[in-house]
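Contents: one structure, followed by commentary.
The chain is numbered in sequence order, starting from 1. Note that these values count all heavy atoms, side chains included, but never hydrogens, waters or copies made by symmetry. Both counts, for ligands and for their atoms, begin at 1 and track the order of listing.
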Amino acid sequence: MPRPPASQPKHLYLHVPYCVHKCPYCDFNSIAGRDAEHAAYVDALLSEVRSLPRGPYDTVFIGGGTPTILAPALLERLMIGLAKHLRLSDNYEWTCEANPGSADATRFAILAAHGVNRLSLGVQSTHDHHLRFLGRVHSSLEAEQAIALARAAVPRVSADLIMGLPQQTADELRRDLELYRRHDLHHASVYHLTYESGTEFHARRSRGELTDIDPTMSRQLFDLVWNGLEDLGLLMYETSNFSYTGQESRHNLAYWYGRDYYAAGAGAVSCLAGVRQTREKHPAAYITRIQTGGDATWRSETLDAKVLLTETWMLGLRLTTGVSLSQLAQMGDQESRWRSRAQALIDAGLLEEHQYHLRLTRAGRPVQDEVTVYLIP
Ligand code: SF4
């Protein structure tokens, strides 16, 4: 285990890697089926959690995979074990991801009873033909029902959408965004479809069976999302995330601010005092490692100053607050290195300086990757 940092991290990520079906665009550490393994996995996960400090934690995030795939009794076992070990701060945020295909009132009630106060639902589209294309196991009606159940169970609910699907029209996306108004949601995550290496979509694109969305159309959809959500009071705070002020995902902000965090579960990554540790990705291997030795580390890397600085630029530019200039100075990135490049981007209207931060302008957001590469050391 890496040496714990001087001040105790306040954030904890827990991974449940199972899904009903592997979506063809997904490159997360998730695996379909293996229901018979779920109970052993929950025990292994709890065992790893018990090896971590008890807290208090400001944020806990159960992600996947599909945490709500666990049968209610097993989900309850997990939640009772977590609630028994973990201490939470007064104003804690505890999120659980849920898939509308395996979400129901019983599971949401179990989560809420043991401390979850925020649900993040993978809706992805409100159009059944797009849901079929994405290989989702739920219909748009089931997604609507799941959101209503989630709203009744916990105080904070977020819904994910995917934009940039081939053949997606502006009208369809506009109707997708109505979802947030209909359910009075205060947080939205809208991701652009990407074809990640190793996914079924990537292979299909290589075979010429799938094409990328036209870049001009993609840009229009991006503007539509930005404007449409802004009209609903959901302001962008990160490239793909929008919320009412004060309703941001504090857990994800901790990642983007480069804070330390604990993690447990198959493939879960923790970052403590400059050491990034990844656990065994395959759940069976993870379970065995925990059962036999108690440590499932698969890879441990010490992040050098250059990597940390690069990540500070990359993550900071994703945020609408931007990269902190005082943080750059503290990390040894002298203004003399980046100033002339930043100035060229400021002159081009892509970047601006605001409250001692460098941040992308609206015109710069679509070229975020290019700007980042230009500025990193
Ligand atoms: S439900 Fe989510 S985690 Fe599971 S395969 Fe689909 S996109 Fe990946």
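Nearest protein heavy-atom contact of atom 5 (S) of ligand 1 is Cys23 N, 3.3 Å. Among all non-hydrogen protein atoms, the one lying nearest atom 2 (Fe) of ligand 1 is Arg136 NH1, 3.9 Å.
Heavy-atom distances between Gly65 and ligand 1 reach below 4.0 Å in at least one pair. At a 4.0 Å cut-off, not a single heavy atom of Glu97 sits close enough to ligand 1 to count as contact.
For the residue pair His251/Tyr57, the side-chain donor-acceptor check at 3.5 Å is not satisfied. Between the side chains of Glu311 and Tyr255, no donor N or O sits under 3.5 Å from an acceptor N or O. Under 3.5 Å, the side chains of His186 and Asp184 contain a donor-acceptor pair of N or O atoms.
Here Thr66 has side-chain heavy atoms under 4.0 Å from ligand 1, and that is the only part of it that gets that close. Proximity of Ser30 to ligand 1, defined as any heavy-atom pair under 4.0 Å, is confined to the side chain (atoms from C-beta onward).
With ligand atoms numbered from 1 in the order given, ligand 1 contributes 1 (S), 3 (S), 4 (Fe), 5 (S) to contacts under 4.0 Å with heavy atoms of Cys19. For ligand 1, the atoms lying closer than 4.0 Å to a non-hydrogen atom of His21 are 5 (S). With ligand atoms numbered from 1 in the order given, ligand 1 contributes 3 (S), 5 (S), 7 (S), 8 (Fe) to contacts under 4.0 Å with heavy atoms of Cys26. Under a 4.0 Å criterion applied to the non-hydrogen atoms of Tyr25, ligand 1 contributes the atoms 7 (S). For ligand 1, the atoms closer than 4.0 angstrom to any heavy atom of Asn99 are 1 (S).
Taking the six-membered ring wherever Trp is involved, the centroid distance between the rings of His15 and Phe28 does not fall below 6.0 Å. Ring-centre distance between Tyr13 and Tyr261: not below the 6.0 Å cut-off. Here the two rings, on Tyr25 and Phe133, have centers that are 6.0 Å apart or farther.
Classification of the Tyr18-Tyr41 ring pair by plane angle, with boundaries at 30° and 60°, yields perpendicular.
At least one donor-acceptor pair closer than 3.5 Å links the side chain of Arg289 to the backbone N or O of Thr297.
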